Amino acid sequence: MIAELSKRMSLFLCKKEIVEQEMAEVYQYGFEIIFSTLIGFFITIAIGAVFRMFLVSLVYYFAFVALRQFTGGYHANTYLKCNLIFAASTTFIFGMAKIVAYGTYPISFHVMLLLFSLVAIWFKTPVENENKPLSEEQKVRNHRISMIVAVIFSGISCFAYQKWVLISATIALTLFVIALMAVIANPSREEENES
């Protein structure tokens, strides 16, 4: 649906001679990114409203997008699957954050989530998408930025732990899910050497 709508919009722009025919694919890809981003944002806001976590959902979306664009991770082969996986992971994160924030959420568990996330991001990112390969320079850059962003959000999460447990837990769980996606999507070194 997103791809078809994007294609129609880029062809419309070509017919109206707003863009050149050679640029139709570029515009189509741009529209796909815009629509996909908007859908992800609205999914986040809707799930946040269901959990009565509107402001937290904004923090979550910002953290997710800021980190995921550099780490990469599991990529579904259709926008529908991608949005369903995103909705499921968002629901999981919000549900778990609510459970731990209003129950017992020991600092030791919080630190373990963050440490797993940082180690996984260090060793497993960036994850390349077969449709968007990275040069060696881009891999080094994305890895460095991934670590910086992950460390910053880990620090914010630790700082928020005392006063805003819900935000703290949401950030930690977001980092954990992104790291888990990277671990799932990135083969081990042995598999890389075999292929």
Side-chain angles (χ1 to χ4, degrees), residues 40 43-44 47-48 51 53 55-76 81-130 132 134 136 138-195:
I43 287 171
T44 303
I47 295 170
F51 281 94
M53 295 170 57
L55 292 176
V56 175
S57 70
L58 296 176
V59 172
Y60 160 77
Y61 188 75
F62 178 72
F64 188 91
V65 170
L67 187 56
R68 179 69 196 266
Q69 68 180 321
F70 297 107
T71 61
Y74 174 76
H75 287 278
K81 286 181 188 174
C82 178
N83 287 322
L84 288 174
I85 292 168
F86 180 72
S89 63
T90 301
T91 301
F92 169 77
I93 289 168
F94 287 7
M96 288 300 295
K98 240 200 158 148
I99 289 168
V100 299
Y102 297 112
T104 304
Y105 184 49
I107 189 73
S108 57
F109 181 71
H110 184 74
V111 170
M112 283 175 39
L113 278 177
L114 293 175
L115 284 176
F116 169 83
S117 303
L118 291 171
V119 169
I121 290 167
W122 176 264
F123 285 107
K124 295 293 186 179
T125 66
V127 177
E128 276 190 278
N129 180 347
E130 63 185 35
K132 194 172 126 183
L134 300 172
E136 285 304 314
Q138 288 171 316
K139 286 179 188 177
V140 169
R141 177 183 162 272
N142 285 7
H143 183 263
R144 185 178 305 128
I145 294 172
S146 295
M147 284 307 301
I148 291 169
V149 172
V151 167
I152 289 170
F153 278 112
S154 295
I156 292 169
S157 181
C158 288
F159 176 76
Y161 182 83
Q162 289 299 319
K163 288 191 175 187
W164 304 290
V165 177
L166 188 59
I167 290 175
S168 177
T170 301
I171 293 171
L173 288 162
T174 302
L175 294 176
F176 174 76
V177 167
I178 289 173
L180 197 58
M181 284 192 231
V183 169
I184 291 168
N186 198 4
S188 66
R189 295 192 191 280
E190 294 79 25
E191 289 173 358
E192 282 179 356
N193 291 338
E194 288 172 12
S195 62

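Everything numeric here is computed off the predicted structure, so don't read it as measured data. In what follows, every heavy atom counts, from backbone to side chain, and hydrogens, waters and symmetry copies are set aside. Position 1 is the first residue of the sequence; numbering continues from there.
To the nearest 0.5 Å, atoms CD1 (Ile152) and CD1 (Ile171) are separated by 12.0 Å. Note: Leu58 CG to Thr170 OG1 = 11.5 Å, rounded to the nearest 0.5 Å. For the atom pair OG1 of Thr90 and CG of Asn83, the computed distance is 10.0 Å after rounding to the nearest 0.5 Å. How far CD1 of Ile145 is from OG1 of Thr125: 11.0 Å, rounded to the nearest 0.5 Å. Interatomic distance, CD of Gln69 versus OG of Ser146, reported as 9.0 Å (0.5 Å rounding). To the nearest 0.5 Å, atoms OG1 (Thr174) and CE (Met96) are separated by 12.5 Å.
Heavy atoms only, all atoms of each residue included: Ser57 and Gly48 are closest at CB-CA, 3.9 Å. Nearest heavy atom pair, residue Leu67 against residue Ala150, reads CD1-N, 4.0 Å. Considering every non-hydrogen atom in both Ala169 and Val100, the closest pair reads CB-CG2, 3.6 Å.
Counting only heavy atoms from C-beta outward, the side chains of Leu175 and Ser154 approach each other to under 4.5 Å. Contact of the Phe153 side chain with the Val149 side chain is registered, since non-hydrogen atoms from C-beta on lie closer than 4.5 Å.
A distance-only check finds a donor-acceptor pair linking the side chain of Ser157 to the backbone of Ser168 [under 3.5 Å].
For Leu134, the side-chain contact (heavy atoms from CB on, under 4.5 Å) partners at least two apart in sequence or on another chain are Pro126, Glu128, Gln138, Lys139, Asn142. Listed by chain and number, the residues in a ring pair (Phe, Tyr, Trp, His ring centres under 6.0 Å) with Phe159 amount to none (sequence neighbours excluded). With sequence neighbours excluded, the residues that form a side-chain contact (heavy atoms from CB on, under 4.5 Å) with Val177 are Ser89, Phe92, Ile93, Met181. When the ring pair (Phe, Tyr, Trp, His ring centres under 6.0 Å) test is applied to Phe64, the partners found at least two apart in sequence or on another chain are Tyr60, Phe86. The ring pair (Phe, Tyr, Trp, His ring centres under 6.0 Å) search around Phe51 returns none, not counting sequence neighbours. Considering only residues two or more places apart in sequence or on other chains, His143 meets the side chain to side chain donor-acceptor pair (under 3.5 Å) condition with none of them.
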For this session: Would you check, one step at a time, whether the test side chain to side chain contact (heavy atoms under 4.5 Å, CB included) holds for Phe70 with Arg144?
Result: CA-CA 9 Å; Phe70 297 107; Arg144 185 178 305 128; over 6 Å; no
Exercise. Passes side chain to side chain contact (heavy atoms under 4.5 Å, CB included), Thr44 versus Phe94? Steps please.
Worked result: CA-CA 10 Å; Thr44 303; Phe94 287 7; 4.2 Å; yes
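In this pair, Tyr161 and His110 present their aromatic rings tilted. The plane angle is within the 30 to 60° band.
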